[in-house]
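Bear in mind the structure is a predicted one, so any value in this text is a computation, not a measurement. Sequence lines set the chain letters: A, B, ... in the order given, protein chains first and strands last, and positions in each chain run from 1.
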Amino acid sequence: MVDCPGATGLYTYQLAEHLKVKPGDVLSVPFGSQQLGAIAVRLLSEQPDQLQSAQIRTVDTLISAGFFTASYWQLLERLAAHYQTPLIQVIRTALPPGLLAKSKRRIRLASQPDSSRLSQLTDSAQQLLSRLQQSPTADYSWRYLQKQSRTAYRDLQQLLQQGWVESYLATPRPPRPKQQQAVSLVAHDPCLADLTRRQQEILAVLQRHGGDCWLSEALQLCRTTATTLKGLAAKGCLIIESREVLRTTHGAQGDRDRPKTLTSHQQAALAAINPLSGFASVLLHGVTGSGKTEVYLQAIAPILQAGCSALVLVPEIGLTPQLTDRFQARFGDQVCVYHSALADGERYDTWRQMLSGHPQVVIGTRSAVFAPLPKLGLIVLDEEHDSSFKQDQPIPCYHARTVARWRAELENCPLILGSATPSLESWLQVKGAEAEETSRGGEAEREPAEKSSESDERQGGQKITDPKATTPPATGSPSQLPRSPLPHSLYLSLPQRIHTRPSPPIEIVDMRRELGVGNRSIFSRTLQRSLQAMQDAGNQGILFIHRRGHSSFVSCRSCGYVIECPRCDVSLAYHQPHSQARPTLKCHYCGHAQGHPAACPECGSPYLKRFGSGTQRVVSELAKQLPDLRCIRFDSDTTRTKGSHRALLSRFAQKEADLLVGTQMLTKGIDLPQVTLVAVMAADGLLYMSDYWAAERTYQTITQVAGRAGRGDQPGRVIVQTYTPEEPTIVAIEKQDYAAFASAELAQRKALGYPPYGRLVLLRLSSLDAIAVEHTAEKVAIALEKDYLSELVSERDYTILGPAPAPILRVAQRYRWQILLKLTLGVALPDIASLRQHCPDRVSFAIDVDVLNLF
DNA sequence: AGCACGCCGACT
DNA sequence: GTCGGCGTGCTC
């Protein structure tokens, strides 16, 4: 199976004598004019009839062996089928990047331009040429140049034809084990007489250090040169050889930590988990600070003892240095970290190390669900409600929670889902009908929310193909709803914090009343007083804002013009630079950045005003109102560089600041005992992002930040500022009643047929060509209804919404359209992958099964 | 993805 | 009659 889009089916290759290949091995093979990655599927004893010997080419190299076990193949096939993705794409995501390398087409300046053919060039071709001539290497990938402008393709054709540039195929270079020179003393006593005094000294030093080390270390140790050591090697006193070295970074080896005494709830949970031997899905519902990590650690210990490995999945590794530290402190170098931010080489080495089968714990993000651990004994998915477990680009758009469940089933091992705020999906799975019990009141109040989510579906001039959709969608057919918990599922609860610390109360502050009494600040009076009190007591606090940057947009006071991104249909956000540098405007979608203009680009008025409040704005407002308060900003602007999370957090932990001001990142796995105050600036901001699960996300996010308060000896306090305190989600947050929130929200979802009572499948189309996407989307929607749904699915079990432009039509110069398909739960999704045939090359097409992000 | 092939319109 | 654009199909 070759890694080439459009090459469906299998191809036959020959093996050279010396190459031993088994099914599942990763290979590099010639294919057409290029060199591609491929997977060996089966070995043939004789040549297939329909092929002639001359047609069969020879496998080039064996890249990696022994990776696929039978259950692993099943996992990948299940993924391909469920997410409607070609199997090779799934294999691609499971392998470390670069392993399935292919030859790349590149462009370089012609060494000897064919002067006989040089003629007129268009302006854009000339521009491209001068760019190439000015660059130091004059060598770019074909793909990169194509992306530079709309006319790049034509320009390159012109330059190629006229002999200015030449194209060539660079051979693929899959990652390889890193080699390093090592020095080791030979066993026998060398004949000292033949050696100079300096040489004898060097041997003595090496001897004292164990007689075996890296060459670079030896040079430092003995203060000598490589030539000298080579001389010794020539005399037979030592051996210099290349040895494999793993590029894995092991965390700081601090003090080894011992298992902690457990609370009674922790003990009960562990007593339920430890006896599990086969597949089981456990929802560990532990309030923030209840000690879930300790349960994971003690659940994993016996697995390692039994010679098996464990997989721990977390939302974002950079955000949880404390978690990895704790695992490393407990299990030492049996722990390795695997995620996409690793350098390709590191990732490759870690991956190969996992194949070895040594008992180990792999901690990683979404993609680590594919970790090739041969003897898997347990999977833990921490913060299981977190949406970063869902991939929305590129295909396969898989959810690590779903894949982890399949994997646990196939490997026949337990799966632990941990969260303080479980996803409604997981909640329903363990609670069944119990989850849907009507909550105490609140039902009627939710009416407005229902209306808004209905109209959201049609925003942006959405065209409805299906007349059914103009009437309220069919309510879910009751027979298909889960009435009882799924088999093999278990609910375990940690309702109390460790050390019997109370969970902090949550105070809701009505910002409309603040305005009413003349407080126009973004900080309520309660918050101002609490900040002051916190500082006076020498405590620390966290301020949560759901948006980074300074203001969300910049607008002209004279003409109302809003400065927008030239590449996307969004306004640019204002960013205050650190020092005296010029303020900048940034696009949060494509990364475009530009200077802040002195005057309105539209009318020339100098009066530009910033609206909305991000982290920077809050920090500068704080500086005005509470000048003594020291703040650290914690968002993706200040934490972009490697290790900066850890650096900022440890500065805060060492009390270099009183207040941590930040975004979503604050909600995840931070344990700071000195924090007594947590404030949420505007809870509504989260609710307004109105997709069907905005309420769920709001509840989760706010509860998670609130959980950062009062983790030390002193009690915590949580203040949530809002303009809509009567909003049911806010009320549920105040009461800290997850079950009530869940049943009210589930009732909503049920009525509208949304997940987890229905399925959503999103077809995304995008192109540089605005007209082409729109036409293609129309064609695809019609084909979807006509060729797939109308024949295979009963009419009341599906609804097609769209095609419609994406809520933000243009991002990074690409126009995006989408078609949303809503299915009744339990109805099989027909194989719609072949819809791709309706898309011309310039329109890209993706199927997102069980979508979360509707943007 | 990359390349060859073949059809069709514009030009000598 | 020929050149070159672009859509189509194949690659073991």
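The CD-P distance, from Gln35(A) to dC12(C), rounds to 11 Å in whole Å. Here the P atom of nucleotide dC12(C) and the CG atom of Asp49(A) are 19 Å apart, to the nearest Å. Counting to the nearest Å, the C1' atom of dA1(B) and the CD atom of Gln89(A) are 12 Å from each other. Taking atom CD of residue Gln50(A) and atom P of nucleotide dT11(C), one finds them 11 Å apart after rounding to whole Å. Atoms CZ (Phe31(A)) and C1' (dC12(C)) sit 7 Å apart, rounded to a whole Å. Summarising the geometry, the separation between NE2 on His838(A) and C1' on dG7(C) is reported as 18 Å, rounded to the nearest angstrom. Here dG2(B) presents its P atom at 7 Å from NZ of Lys102(A), a figure rounded to the nearest Å. Atom CZ in Arg836(A) sits roughly 11 Å away from atom P in dA1(B) (whole-Å rounding).
The cationic group of Arg347(A) lies under 6.0 Å from the six-membered ring centre of Tyr338(A) and within 45° of the ring axis, placing it in a cation-pi geometry.
Contacts of Tyr13(A) with the nucleic acid, taken as non-hydrogen atoms under 4.0 Å apart, involve only primed sugar atoms and P, OP1 or OP2. Ile56(A) comes within contact range of the sugar-phosphate backbone alone, with a heavy-atom separation under 4.0 Å but no base atom that close.
When all heavy atoms are compared, the tightest approach of Val362(A) to Ala371(A) is CG1-CB, 4.4 Å.
In the set dC12(C), dT11(C), dG2(B), the nucleotide with an atom closest to the side chain of Thr12(A) is dC12(C). Nearest to the side chain of Gln34(A), among dC12(C), dT11(C), dG2(B), sits dG2(B).
The structure places CD1 of Ile363(A) at 8.5 Å from SG of Cys336(A), a figure rounded to the nearest 0.5 Å.
Two rings, from Tyr398(A) and Phe370(A), have their centers less than 6.0 Å apart.
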